[in-house]
Protein chains: 2
Amino acid sequence: MSDIFEALSAPARRAILDELTDRDGQTLFELCTRLTMKHNLALTRQAISQHLDVLEAVGLIRTSREGRYKYHFIDTKPLHQIVSRWIDSPKK
Amino acid sequence: MSDIFEALSAPARRAILDELTDRDGQTLFELCTRLTMKHNLALTRQAISQHLDVLEAVGLIRTSREGRYKYHFIDTKPLHQIVSRWIDSPKK
DNA sequence: TTGACATGCAAGTCGTCACTTGCCTATCAT
DNA sequence: ATGATAGGCAAGTGACGACTTGCATGTCAA
């Protein structure tokens with residue numbers, strides 16, 4: 001649950017989430033080109049692939065494989081209970 | 001604004017915010033002892049001091065100096081617009 | 001089946017950051 | 001003034017992580 005903070009610490013991973021928010025269900029190559037274009041990110045395909053692995057490991061991304069394509073979908077569920085940890089603290 | 005994610009990536013800094021949520025306005029030494037006790041964190045005074053500097057730099061902590069004491073207060077304002085970046089995306 | 005396309009695996013490099021160590025400054029009590 | 005307490009500055013170490021390079025696997029079209 002606290003791995004989500006580590007996942008969100010990398011600027012490249014936040015850019016990936018931005019991209020998937022703008023257009024969900026992209027493949028790896030789509031993300032590579034669009035991140036280079038719109039976000040001024042000059043990253044290798046493998047770099048982005050590793051970032052996607054991290055995001056998927058913490059549940060921020062779901063994937064579906066179809067043939068040789070692998071689509072990536074953002075999942076914002078883990079984001080909801082994150083900040084509420086310090087904001088609405090209903091403690092004693 | 002995106003430095004907040006880097007600030008929140010360190011577990012020690014999240015523990016500090018937890019401690020200040022539990023009891024606001026602590027001094028450096030108070031935080032040291034209580035972090036060691038309740039959070040099983042064995043950190044040096046300087047380590048915690050550096051974490052406090054980071055948290056203050058991104059606006060998650062405000063401080064007030066009185067004599068030789070420096071009190072630390074949590075400020076949750078920067079936390080509000082963080083997650084909304086991907087959750088309620090009112091895009092095109 | 002051959003080649004192009006989309007992705008995966010593994011090892012290596014490099015920089016950053018968390019943490020420590022050592023010393024210094026400032027405030028208060030006696 | 002002196003000692004004790006609360007905090008600050010600066011340099012050094014070590015490890016983790018972001019990123020790259022190189023090669024391998026699997027899918028599709030011709």
Side-chain angles (χ1 to χ4, degrees), chain A residues 2-20 23-37 39-74, chain B residues 2-20 23-37 39-74:
Chain A
S2 75
D3 315 309
I4 304 184
F5 289 100
E6 272 93 16
L8 291 176
S9 66
R13 285 195 283 269
R14 295 196 298 270
I16 289 178
L17 293 183
D18 288 337
E19 249 306 308
L20 289 181
R23 170 177 157 81
D24 206 11
Q26 297 189 48
T27 71
L28 175 57
F29 269 101
E30 276 183 271
L31 283 169
C32 285
T33 58
R34 299 188 56 153
L35 284 173
T36 311
M37 303 289 122
H39 298 261
N40 294 330
L41 274 191
L43 289 185
T44 329
R45 176 180 58 86
Q46 282 80 1
I48 299 181
S49 178
Q50 290 170 5
H51 284 307
L52 290 173
D53 290 339
V54 176
L55 289 172
E56 188 178 8
V58 301
L60 285 172
I61 275 187
R62 288 175 295 105
T63 62
S64 77
R65 187 88 188 232
E66 294 182 12
R68 55 175 166 175
Y69 298 104
K70 186 178 183 183
Y71 302 102
H72 302 266
F73 303 91
I74 190 174
Chain B
S2 76
D3 316 308
I4 304 183
F5 289 100
E6 273 92 17
L8 291 174
S9 66
R13 285 194 284 268
R14 296 196 296 271
I16 289 178
L17 292 183
D18 288 337
E19 248 307 307
L20 288 182
R23 170 178 158 82
D24 206 10
Q26 296 189 47
T27 70
L28 174 57
F29 270 98
E30 276 184 270
L31 282 168
C32 285
T33 58
R34 297 188 56 155
L35 284 173
T36 311
M37 300 291 121
H39 298 261
N40 294 331
L41 273 191
L43 289 186
T44 328
R45 176 178 58 86
Q46 283 77 0
I48 299 181
S49 178
Q50 290 170 5
H51 284 307
L52 290 174
D53 290 341
V54 175
L55 289 172
E56 188 178 9
V58 301
L60 284 171
I61 275 187
R62 289 175 294 106
T63 62
S64 77
R65 187 87 187 235
E66 295 182 10
R68 55 177 166 177
Y69 298 105
K70 186 179 182 183
Y71 302 103
H72 302 265
F73 303 91
I74 190 175

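Throughout, a chain's letter reflects where its sequence line sits, starting with A, and its residues are numbered from 1. Just so you know, these numbers come straight off a predicted model, no measurement behind them.
- Counting all heavy atoms, side chain and backbone alike, A:H51 lies closest to A:A10 at CE1-CB, 4.3 Å.
- For the pair B:E30 and B:T33, the tightest heavy-atom approach, listed with the atom from each and the gap, is O-OG1, 2.9 Å.
- Between the CD atom of B:E30 and the C1' atom of D:dG7 there is a distance of 14 Å, rounded to whole Å.
- Closest heavy-atom contact between A:I48 and A:L28: CG2-CD1, 3.9 Å.
- In plain terms, the two heavy atoms of B:A7 and B:L60 that are nearest each other are CB-CD1, 4.5 Å.
- Using modelled atom types, no side-chain atom of A:R62 and backbone atom of A:E56 make a donor-acceptor pair closer than 3.5 Å.
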For nucleotides 19-30 of chain D, read 5' to 3', which letter fits each nucleotide if B means a protein heavy atom sits under 4.0 Å from the base, S means only the sugar-phosphate is that close, and - means neither? BBBB----BS--

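- Classification of the B:Y71-B:Y69 ring pair by plane angle, with boundaries at 30° and 60°, yields parallel.
- For the contact set between residues 52-61 of chain A and DNA chain C, defined by any heavy atom under 4.0 Å, there are no members.
- Nucleotides of DNA chain C with any atom under 4.0 Å from a heavy atom of chain B span, from 5' to 3', C:dA18 to C:dC28.
- What you find for A:D18 and A:H39 is that their closest heavy atoms are CB-CE1, 3.9 Å.
- Residues A:L8 and B:L8 form no side-chain contact, since every pair of their non-hydrogen atoms from C-beta on lies 4.5 Å or further apart.
- The two residues A:R13 and A:E6 come nearest to each other via the heavy atoms NH2-O, 3.3 Å.
- When side chains are defined from C-beta on, B:L35 counts as touching B:E19, because their heavy atoms get closer than 4.5 Å.
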